[in-house]
Amino acid sequence: MYAFEIERPTTVAQAVEALKNEVAQELGGGQTLIPTLKQRLAAPEVLVSLSGIAEMQGISVSEGTILIGGGVTHDDVAIGAMAYPTLAALAGGIGDPAVRNRGTLGGSLANNDPSACYPAAALASGATITTNAREIQADDYFQGMFETALDDGEIVVAVSFPIPEGASYQKFVQPASRFALVGVFVAKYADGVRVAVTGAAEEGVFRWREAEAALSADFSAAALEGLSHPAEGMIGDMHGSAEYRAHLIKVLASRAVVDMA
């Protein structure tokens, strides 16, 4: 690990100011960044810790929406987001206890790992990502593998999730990493169904719109029987071929619908 300095702002405004330094990088829970630093794959001269910012903490519920601070850890989401039980359960299934104790919602969404769980929840829920500068709809936020709509120095302050009538997240765990080999999040709202897939595609999380249309017309596992997801664009590696991941998408989507029955 290369040497670096660390700053610990106590407000979002202080953090934004600190990140104007070209050699500075924000530090959320550090579950991705710290291992990267240990391997000397990154060398920021200054880390700006976001863990001490009270504005980025807290969970609240209002008018059918749950608002979660960007600095809230996975463990705290698992305990405090029971107004959205599927989201709470998703958080409780991330990684291991050490990861859940340090990793944060905002850090996960900012990193946008193609196999992370939270992006599927945000996209399937039609969440709104609030930063220090603006609000970004989930449909516009995720822009590819490890790519988001965030500008340099922009911080995820909070995320609001509309609470669905019902939801289920089905995750086929990659046993070595505990990330999703494939994960499918199905959320049913009064105006339709949203289905988001993580872990499968080379471009990261995406909506399976054919399944959304079928389930919005007939919310049953039978509605998915005639569908199949193409293998083109899916990840293929030693843990599963592109064809295998494509197959899992339909299997897990069907399980989610059955789970919601």
**Prompt:** Does Pro119 reach the side chain of Asn112, with side-chain heavy atoms less than 4.5 Å apart?
**Reply:** yes
Applied to residues 86-115, the ring pair (Phe, Tyr, Trp, His ring centres under 6.0 Å) test, sequence neighbours excluded, yields none
**OP:** Please lay out, stage by stage, how Val197 and Val182 fare under the test side chain to side chain contact (heavy atoms under 4.5 Å, CB included).
**Re:** CA-CA 7 Å; Val197 180; Val182 175; 4.3 Å; yes
Backbone N/O of Thr10 and side chain of Gln14: donor-acceptor pair under 3.5 Å | yes
Checklist entry - So, are Glu154 and Arg134 salt-bridged, with charged N and O less than 4.0 Å apart? => result yes
Would you please test Glu203 and Met145 for side chain to side chain contact (heavy atoms under 4.5 Å, CB included) and show each step?
CA-CA 5 Å; Glu203 295 301 313; Met145 184 178 289; 5.6 Å; no
Between the CG atom in Leu50 and the CZ atom in Arg8, the distance rounded to the nearest 0.5 Å is 11.5 Å
The reported gap from CG in Leu215 to CG in Leu224 (rounded to nearest 0.5 angstrom) is 4.5 Å
Query raised in the report: Between Glu165 and Lys188, is there a side-chain N and carboxylate O pair less than 4.0 Å apart?
Result: yes
Which of Val72, Thr73, Ile68 passes side chain to side chain contact (heavy atoms under 4.5 Å, CB included) with Gln57? Answer is Val72
Could you check whether Arg100 pairs with Asp76 (Lys NZ or Arg NE/NH1/NH2 to Asp/Glu carboxylate O, under 4.0 Å)? no
Could you walk me through whether Glu135 and Thr128 pass the side-chain hydrogen bond (donor to acceptor under 3.5 Å, both in side chains) test, one step at a time?
CA-CA 6 Å; Glu135 292 188 342; Thr128 299; 5.5 Å; no
Salt bridge between Lys20 and Asp152, side-chain N to carboxylate O under 4.0 Å? no
Closest non-hydrogen atoms of Ala88 and Ala81, given as atom of the first, atom of the second and distance, are CB-O, 3.8 Å
So ring pair (Phe, Tyr, Trp, His ring centres under 6.0 Å) across residues 221-261, not counting sequence neighbours, yields Phe206-His229, Trp208-His229
Practice problem: Quick one: do Val173 and Lys171 satisfy side chain to side chain contact (heavy atoms under 4.5 Å, CB included)? Show the steps, please. | Solution: CA-CA 6 Å; Val173 175; Lys171 175 181 175 181; 3.9 Å; yes
Counting only heavy atoms from other residues, nucleotides and ligands, does the tally under 6.0 Å from CZ of Arg207 exceed 12?
yes
With sequence neighbours left out, the residues meeting side chain to side chain contact (heavy atoms under 4.5 Å, CB included) with Asn101 are Asp75
Review point. Do Ser125 side-chain atoms and Ala121 backbone N/O form a donor-acceptor pair below 3.5 Å?
Key: yes
Nearest heavy-atom contact between Leu67 and Ser160 is CD1-CB, 3.9 Å
State, yes or no, whether a side-chain contact exists between Gln174 and Ser177 at a heavy-atom distance under 4.5 Å.
-> yes
Met56 reachable from Val16 in the ILVMFWY side-chain graph, under 4.5 Å edges: yes
d(Leu181 CG, Asp237 CG) to nearest 0.5 Å is 7.0 Å
For residues 171-193, the ring pair (Phe, Tyr, Trp, His ring centres under 6.0 Å) pairs (sequence neighbours left out) are Tyr169-Phe185
Honestly curious: do Val159 and Tyr141 fall in one hydrophobic cluster under the side-chain, below-4.5 Å linking rule?
yes
(message) Are Ile94 and Val184 linked, directly or through intermediate hydrophobic residues, by side-chain heavy-atom contacts shorter than 4.5 Å (ILVMFWY only)?
(response) no
In the structure I gave you, are the side-chain heavy atoms of Leu123 and Thr198 within less than 4.5 Å of one another anywhere?
no
Taking side chain as C-beta onward, heavy atoms only, is Gln143 less than 4.5 Å from Thr148? no
Tightest non-hydrogen contact, residues Gly199 and Ile235, listed as O-CD1, 3.6 Å
Residues Pro9 and Ile53: closest non-hydrogen pair is O-CG1, 3.5 Å
Margin query: Run the side chain to side chain contact (heavy atoms under 4.5 Å, CB included) test on Leu33 and Glu26 for me, step by step, so that the C-alpha distance in whole Å, both residues' side-chain angles and the decisive distance to 0.1 Å come before the verdict.
Written below: CA-CA 9 Å; Leu33 180 57; Glu26 58 270 48; over 6 Å; no
If Ile, Leu, Val, Met, Phe, Trp and Tyr residues are connected whenever their side-chain heavy atoms lie under 4.5 Å apart, and connections chain through other members, are Leu90 and Val99 in the same group? yes
CG of Leu252 to CG of Asp259, rounded to nearest 0.5 Å, is 11.5 Å
Asp140 meets the salt bridge (charged side-chain N to carboxylate O under 4.0 Å, His left out) criterion, sequence neighbours left out, with none
Output for pair (Phe161 CZ, Leu87 CG), nearest 0.5 Å, gives 5.0 Å
Residue pairs passing the ring pair (Phe, Tyr, Trp, His ring centres under 6.0 Å) test with at least one member in residues 57-111, sequence neighbours excluded, are His74-Tyr118
With distance as the sole test, does Glu45 use its side chain to make a donor-acceptor pair with the main-chain N or O of Phe4 at under 3.5 Å?
no
- Query: Same cluster for Met260 and Leu227 if Ile/Leu/Val/Met/Phe/Trp/Tyr side chains link at under 4.5 Å?
  - Reply: yes
Rounded to the nearest 0.5 angstrom, the CG-CD distance for Leu27 and Glu7 is 12.0 Å
**OP:** Answer yes or no: is there a side-chain heavy-atom contact under 4.5 Å between Val193 and Phe219?
**Re:** yes
Shortest non-hydrogen pair, Ala180 vs Gly183, comes out as CB-N, 3.9 Å
Heavy-atom closest pair (Ile249 atom, Ala200 atom, distance to 0.1 Å) is CD1-CB, 4.0 Å
